[in-house]
Amino acid sequence: MNSVIGAFIEAWEELKINRGRVILSLIGVGAAVWAMATVIALGSILSKTDEHYRAISDGMPGTVSVLAHSSTAPDNPYEAPGIPQVEVDENGHPVDEFGQAALRTVELVHSNIWSRKIEVQESIQAPGSVECDPSDPTCYDTTPKLVGVDDGYFDIFTHTLLYGRLINAADGDLQMNPVVVNESTWRRLGTPAIEAYPRLRLSRSPSTSFTVVGVVKNNFVWDDPIILMPYKTALLSIPPEILSNSQSQQLYVMAPRGQQEQAVTVLEATLAAQLGDAWDVYNFYSAERNEGQEQIAQTITLIVGLIGAIVILLGALGLLTVSIVTVRQRIREVGIRRAMGASGKRIFFSVFLESVVATTFAGLIGVVLSIFTVRLAPFDLMNLPISNPAYPFTAAFLGVLISAGVGALAGIIPASIAVKIKPIDAIRY
């Protein structure tokens with residue numbers, strides 16, 4: 001153990017003595033590690049960004065969904081004509097066939113994370129609401145989406161809470177009709193304080209009011225105004241004539257990763273059996289699409305890895321060349337050390353560790369520079385969902401590890417050359 005520590009100390013002292021010979025090669029290695037670590041870090045951040053966007057549009061990994069609409073509506077669920085009318089019971093409440101069938105379905109498939117969804121668009125009224133100027137480029141939509149969901153919706157989809165709180169199942173029984181709005185809706189309301197419990201009303205049903213209890217961040221700057229409410233609140237508070245504008249309803253279920261295709265087949269069949277022939281059921285899961293997205297992510301990772309490998313290889317070749325030249329210039333020094341009794345093993349490890357210690361130190365500097373580069377990158381201008389992402393630990397670890405590995409590979413040949421030097425060679429130089 002002492003001999004190993006001594007070899008490291010000796011290697012460090014030799015580096016300080018011969019720093020003029022190796023400083024250029026170390027700059028090359030440090031620059032290579034900086035470039036490689038930065039590329040790996042940016043690749044990791046972009047990969048996580050892609051996963052984030054996929055979670056926004058399709059739900060967290062493992063999410064499957066089925067859509068159902070009345071068979072009186074058009075065969076294509078994306079077409080608007082033929083909107084079915086919502087039936088009401090003797091109390092004037094909508095008859096929620098889909099909602100009850102969805103509950104029975106999740107019980108039968110033993111799902112723990114799920115959510116129903118019904119969505120309509122309706123203009124709203126609120127004190128202090130901002131009038132939209134058509135000439136304003138941000139005034140793209142003044143009619144928010146009214147979305148009724150269950151608790152699991154917030155586990156399935158990515159929503160960052162800015163103010164207040166999220167809605168829960170108990171909110172469906174409250175007279176205040178709690179809702180959560182996104183930033184676009186909040187700005188249309190005049191950015192009121194959530195602590196004041198701002199209220200809004202539907203233009204076609206002024207007698208029904210909703211209380212804003214939270215604000216979630218827009219996923220994109222161009223997001224439409226959205227109002228999220230408990231599924232039960234949507235069914236009981238939104239008038240049937242407005243609910244009739246909903247072309248379809250959806251059921252989201254979180255399935256085990258890798259079993260989405262089987263899960264969506266079971267989900268579609270079970271929900272269709274519960275609803276009967278009066279409803280058409282479709283699934284939105286595509287194994288080919290998900291495999292294609294994963295293939296794209298793997299390709300990006302491979303390209304990033306190849307670029308990093310090429311960069312570090314160029315740095316290694318430069319270090320190897322300088323190391324061989326340096327050893328040739330130190331024949332007299334090594335010959336004298338052999339004459340003084342230094343063993344071939346000690347000479348080998350001394351020269352070998354000089355390369356390892358030097359490149360590891362250069363690698364640390366390269367990683368530090370890479371961290372500063374990533375931290376100063378203008379992610380806000382790229383419209384990424386994260387403005388100040390954490391530096392990936394993998395990039396830092398690989399940067400130091402690979403720099404040490406490059407030093408080891410580049411040190412073997414010079415160390416082998418140094419071992420072959422004999423004491424008599426010192427006289428010739």
Side-chain angles (χ1 to χ4, degrees), residues 57-59 63-74 77-80 82-89 91-106 111 113-124 143-157 159 166-174 177-182 185 200 202-205 208 210 216 224-253 267-268 271-272 274-276 278-284:
S57 59
D58 301 328
T63 300
V64 296
S65 65
V66 290
L67 176 149
H69 67 90
S70 172
S71 56
T72 59
Y78 295 101
E79 295 179 0
I83 295 173
Q85 293 298 314
V86 176
E87 296 182 7
V88 295
D89 58 19
N91 297 318
H93 295 154
V95 177
D96 186 20
E97 294 182 50
F98 172 85
Q100 297 302 317
L103 289 177
R104 291 193 296 268
T105 298
V106 295
S111 175
I113 301 177
W114 56 272
S115 175
R116 297 164 295 178
K117 177 183 176 183
I118 185 170
E119 178 181 310
V120 295
Q121 284 192 280
E122 177 68 18
S123 59
I124 59 173
T143 306
K145 297 178 182 178
L146 308 178
V147 185
V149 296
D150 293 294
D151 288 5
Y153 183 85
F154 295 98
D155 295 321
I156 295 173
F157 290 91
H159 286 283
L166 297 175
I167 53 177
N168 53 58
D171 289 333
D173 297 318
L174 298 181
N177 294 332
V179 298
V180 170
V181 301
N182 67 346
T185 306
L200 55 90
L202 304 182
S203 295
R204 285 195 289 171
S205 181
T208 304
F210 301 89
V216 293
D224 293 332
I226 297 175
I227 301 174
L228 295 166
M229 62 186 68
Y231 186 87
K232 186 176 181 179
T233 297
L235 266 294
L236 296 179
S237 301
I238 301 177
E241 61 270 18
I242 297 178
L243 284 178
S244 294
N245 293 331
S246 175
Q247 299 177 39
S248 59
Q249 292 166 270
Q250 283 181 267
L251 173 62
Y252 296 96
V253 170
L267 195 65
E268 181 182 7
L271 183 60
Q274 297 297 319
L275 287 172
W279 290 74
D280 294 325
V281 179
Y282 304 85
N283 77 74
F284 278 145

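Only this structure's heavy atoms are used, side chains among them; waters, hydrogens and symmetry mates stay out. The first residue in the sequence is number 1, and the count goes up from there.
- Atoms CZ and CD, on Arg204 and Glu241 in that order, are 6.5 Å from each other to the nearest 0.5 Å.
- A donor-acceptor contact closer than 3.5 angstrom links the side chains of Tyr231 and Gln249.
- You'll find the side chain of Leu202 reaches within 4.5 Å of the side chain of Leu146, heavy atoms only.
- For the atom pair Asp151 CG and Asn168 CG, the distance stands at 6.0 Å (nearest 0.5 Å).
- With a 4.5 Å cut-off on side-chain heavy atoms, Trp114 and Leu103 count as touching.
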Step by step, would you call His159 with Leu228 a side-chain contact (heavy atoms from CB on, under 4.5 Å)? CA-CA 11 Å; His159 286 283; Leu228 295 166; 4.2 Å; yes
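- Judged by distance alone, with hydrogens and angles left aside, the side-chain atoms of Ser203 form a donor-acceptor pair with the main-chain N or O of Ser123 at under 3.5 Å.
- With no hydrogens or angles considered, no side-chain donor-acceptor pair links Asn177 and Thr233 at under 3.5 Å.
- At a threshold of 4.5 Å between non-hydrogen side-chain atoms, the residues Val66 and Tyr282 do not count as touching.
- Once rounded to the nearest 0.5 Å, the distance linking NZ of Lys232 with CG of Asp96 reads 11.5 Å.
- Counting heavy atoms from C-beta outward, Ile167 and Phe154 have side chains that approach closer than 4.5 Å.
- Between Ile124 and Pro144, the closest side-chain pair of non-hydrogen atoms falls below 4.5 Å.
- For the pair Leu251 and Thr105, the minimum side-chain heavy-atom distance is below 4.5 Å.
- Rounded to the nearest 0.5 Å, atoms CD1 (Ile227) and CD (Glu122) are 10.0 Å apart.
- Looking only at side-chain heavy atoms (C-beta outward), Ile156 and Ile113 come within less than 4.5 Å of each other.
- Taking the six-membered ring for Trp and the full ring otherwise, Phe98 and His69 have centroids separated by 6.0 Å or more.
- Interatomic distance, Met229 CE to Leu236 CG, rounded to the nearest 0.5 Å: 11.5 Å.
- In this structure, Val147 and Lys117 have side chains that are in contact, with non-hydrogen atoms separated by less than 4.5 Å.
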